[in-house]
K.L.:
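Once you've had a glance at the structure underneath, I'll fire off some questions.
Start at 1 with the first residue, then count along the sequence.
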Amino acid sequence: PEITSLQNEPESIVKMYGPECLVPGTYAANCLLARKISEKGVRFVQLYHQGWDSHGNLPNELMGQWKDVDRASAALVKDLKQRGLLDETLVIWGGEFGRTNYCQGALTKDNYGRDHHPRCFTIWMAGGGVKGGTLYGATDEVGHKAAENRVHVNDLHATILHLLGMDHTRLTYRFNGRDFRLTDVAGNVVKDIVA
């Protein structure tokens, strides 16, 4: 399907996404394009934003990342909702994995970092059958590891597949005498986040 120019968007949409949405290649422009191609019936859209693998200079690095993604990501969800597309569109926002809650490298007021951390990982999801306003899970008191309502990656994948209308257990195939599937031979749908 043909996608019209970003320049043809009404001022209210440009204001919602931010002026960067008119600059091809920016995250805001990609969010706006994601809405436009979803509106045209494209069933899967994946957006990337580079630069999240910051191990140092976090006070400066993260401010730039947040500026790029916060407004545009919120605008995408709001825009999908106002067009009646959010109920049928699953939005998943996450990074590569969690970050340590302690410093990596030198610790100064103006410069510090954090390392990769598999024990705490946060994502957010909207639309597509997700129960809105639900907070699920928590870390321990120092943010070192998941402590409440822990979700294994197999459970996350089972839940995403469920929200997409697929039973992950029916995707099993046998190879060399072993059962395989996208959720390995595990995974349970996290029913508390499903509407």
Side-chain angles (χ1 to χ4, degrees), residues 16-17 27 30-31 34-35 37-39 41-49 52-54 58 62 65-66 68-102 114-174 178-195:
M16 184 168 54
Y17 283 88
Y27 182 78
N30 290 343
C31 284
R35 187 270 292 166
I37 63 177
S38 295
E39 205 170 28
V42 174
R43 295 186 51 129
F44 182 83
V45 179
Q46 185 168 357
L47 302 179
Y48 289 97
H49 184 275
W52 283 98
D53 196 12
S54 302
L58 289 185
L62 290 182
Q65 304 300 325
W66 295 331
D68 285 349
V69 302
D70 283 2
R71 180 179 188 173
S73 297
L76 174 59
V77 172
K78 183 178 179 182
D79 202 4
L80 289 168
K81 184 173 183 176
Q82 73 185 10
R83 293 167 191 277
L85 295 169
L86 190 58
D87 288 343
E88 63 187 45
T89 305
L90 177 61
V91 180
I92 304 169
W93 200 104
E96 56 182 341
F97 35 71
R99 289 293 182 159
T100 57
N101 57 347
Y102 44 85
R114 295 189 301 169
D115 200 0
H116 299 164
H117 189 54
R119 293 188 180 110
C120 293
F121 181 69
T122 302
I123 67 167
W124 62 259
M125 300 166 69
V130 172
K131 194 182 298 181
T134 301
L135 178 64
Y136 189 83
T139 65
D140 60 15
E141 64 277 359
V142 294
H144 179 67
K145 64 183 177 188
E148 179 183 316
N149 292 330
R150 293 166 38 181
V151 176
H152 190 278
V153 68
N154 292 335
D155 299 331
L156 174 63
H157 289 162
T159 305
I160 291 170
L161 289 168
H162 173 79
L163 291 166
L164 296 175
M166 293 178 256
D167 177 353
H168 72 105
T169 63
R170 300 198 61 203
L171 299 171
T172 304
Y173 66 95
R174 197 156 196 63
R178 183 181 185 275
D179 287 337
F180 289 88
R181 64 179 184 234
L182 295 173
T183 54
D184 198 11
V185 289
N188 295 299
V189 174
V190 182
K191 294 184 177 164
D192 288 342
I193 69 164
V194 176

K.L.:
Has Arg178 got more than 12 heavy atoms of other residues, nucleotides or ligands less than 6.0 Å from its CZ?
P.N.:
yes
K.L.:
Is there side-chain contact between Phe180 and Val185, with heavy atoms separated by less than 4.5 Å?
P.N.:
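Answer no - side chains too far apart.
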K.L.:
What pair of heavy atoms forms the shortest contact from Phe121 to Gly98, and how long is it?
P.N.:
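Answer, listing the atom of Phe121 first, then Gly98: CD1-N, 3.2 Å.
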K.L.:
To the nearest 0.5 Å, tell me how far Asn149 CG sits from Tyr136 OH.
P.N.:
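Output value for this atom pair is 4.0 Å.
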K.L.:
What pair of heavy atoms forms the shortest contact from Leu163 to Gly128, and how long is it?
P.N.:
CD2-O, 3.5 Å
K.L.:
Would you sort out whether Ile123 and Ile92 count as a side chain to side chain contact (heavy atoms under 4.5 Å, CB included), showing the intermediate values?
P.N.:
CA-CA 7 Å; Ile123 67 167; Ile92 304 169; 4.2 Å; yes
K.L.:
CE of Met16 to CG of Leu76: how many Å apart, nearest 0.5 Å?
P.N.:
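If I round to the nearest 0.5 Å, the distance is 9.0 Å.
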K.L.:
Which heavy atom in His49 sits nearest to a heavy atom in Gln65, and how many Å separate them?
P.N.:
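Between these two residues, the closest heavy atoms are CE1-OE1, 2.6 Å.
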K.L.:
Consider side-chain contact (heavy atoms from CB on, under 4.5 Å). Of Thr169, Asp155, Thr159, which one does Asn188 pass it with?
P.N.:
Asp155
K.L.:
State whether Asp140 and Lys145 are salt-bridged, where the test is any N-O pair (Lys NZ or Arg NE/NH1/NH2 against Asp/Glu carboxylate O) under 4.0 Å.
P.N.:
no
K.L.:
How close do Ala186 and Asn154 get, counting heavy atoms only, and between which atoms?
P.N.:
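Closest heavy-atom pair between Ala186 and Asn154: CB-ND2, 3.7 Å.
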K.L.:
Would you check if the side chain of Arg119 reaches a backbone N or O of His144 as a donor-acceptor pair within less than 3.5 Å?
P.N.:
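Judged by distance alone, no pair lies under 3.5 Å.
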K.L.:
Which atom pair, heavy atoms only, marks the closest approach of Gly143 to Cys120?
P.N.:
O-SG, 3.5 Å
K.L.:
If we ignore hydrogens and angles and just use 3.5 Å, is the side chain of Ser73 paired with the main-chain N or O of Asp70 as donor and acceptor?
P.N.:
no
K.L.:
Name all residues meeting the side chain to side chain contact (heavy atoms under 4.5 Å, CB included) criterion together with Asn30; count only those two or more places apart in sequence or in a different chain, and write none if there are none.
P.N.:
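Result, side chain to side chain contact (heavy atoms under 4.5 Å, CB included) vs Asn30: Leu33, Leu47.
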K.L.:
Measure the CG-OH distance between Asp115 and Tyr102 for me, rounded to the nearest 0.5 Å.
P.N.:
7.0 Å
K.L.:
Could you walk me through whether Arg170 and Arg181 satisfy the side chain to side chain contact (heavy atoms under 4.5 Å, CB included) test, starting with their C-alpha distance in whole Å, then the side-chain angles of each, then the deciding distance to 0.1 Å, before giving a yes or no?
P.N.:
CA-CA 8 Å; Arg170 300 198 61 203; Arg181 64 179 184 234; over 6 Å; no
K.L.:
At what distance, to the nearest 0.5 angstrom, does OG1 of Thr139 lie from CG of Asn101?
P.N.:
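Separation between the atoms: 8.0 Å.
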K.L.:
Using the side chain to side chain contact (heavy atoms under 4.5 Å, CB included) rule, take Val91 and Leu86 through it: C-alpha gap first, then chi angles, then the decisive distance, then the call.
P.N.:
CA-CA 8 Å; Val91 180; Leu86 190 58; 4.2 Å; yes
K.L.:
If you apply the rule side chain to side chain contact (heavy atoms under 4.5 Å, CB included), what do you find for Arg99 with Asp53, and how did you get there?
P.N.:
CA-CA 10 Å; Arg99 289 293 182 159; Asp53 196 12; 3.0 Å; yes
K.L.:
What distance do Met125 atom CE and Ile193 atom CD1 have between them, rounded to the nearest 0.5 Å?
P.N.:
4.5 Å
K.L.:
Can you sort out the partners of Arg43 under salt bridge (Lys or Arg N to Asp or Glu O under 4.0 Å), two or more places apart, ordered by chain and number?
P.N.:
none
K.L.:
Hey, is the main chain of Val189 close enough, under 3.5 Å, to the side chain of His168 for a donor-acceptor pair?
P.N.:
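It does not hold such a pair.
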K.L.:
NE2/His162 to CD1/Ile160 distance, rounded to the nearest 0.5 angstrom?
P.N.:
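Result: 12.5 Å between the selected atoms.
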K.L.:
Can you give me the closest heavy-atom contact between Val194 and Lys131, atom names plus distance?
P.N.:
O-CE, 3.5 Å
K.L.:
Taking the side chain as everything from C-beta on, heavy atoms only, tell me whether Trp124 gets closer than 4.5 Å to Val77.
P.N.:
yes
K.L.:
Taking side chain to side chain contact (heavy atoms under 4.5 Å, CB included) as the definition, give me every residue that meets it alongside Leu171, ordered by chain and number, with sequence neighbours left out.
P.N.:
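With neighbours one apart ignored, the set is Leu161, Leu182.
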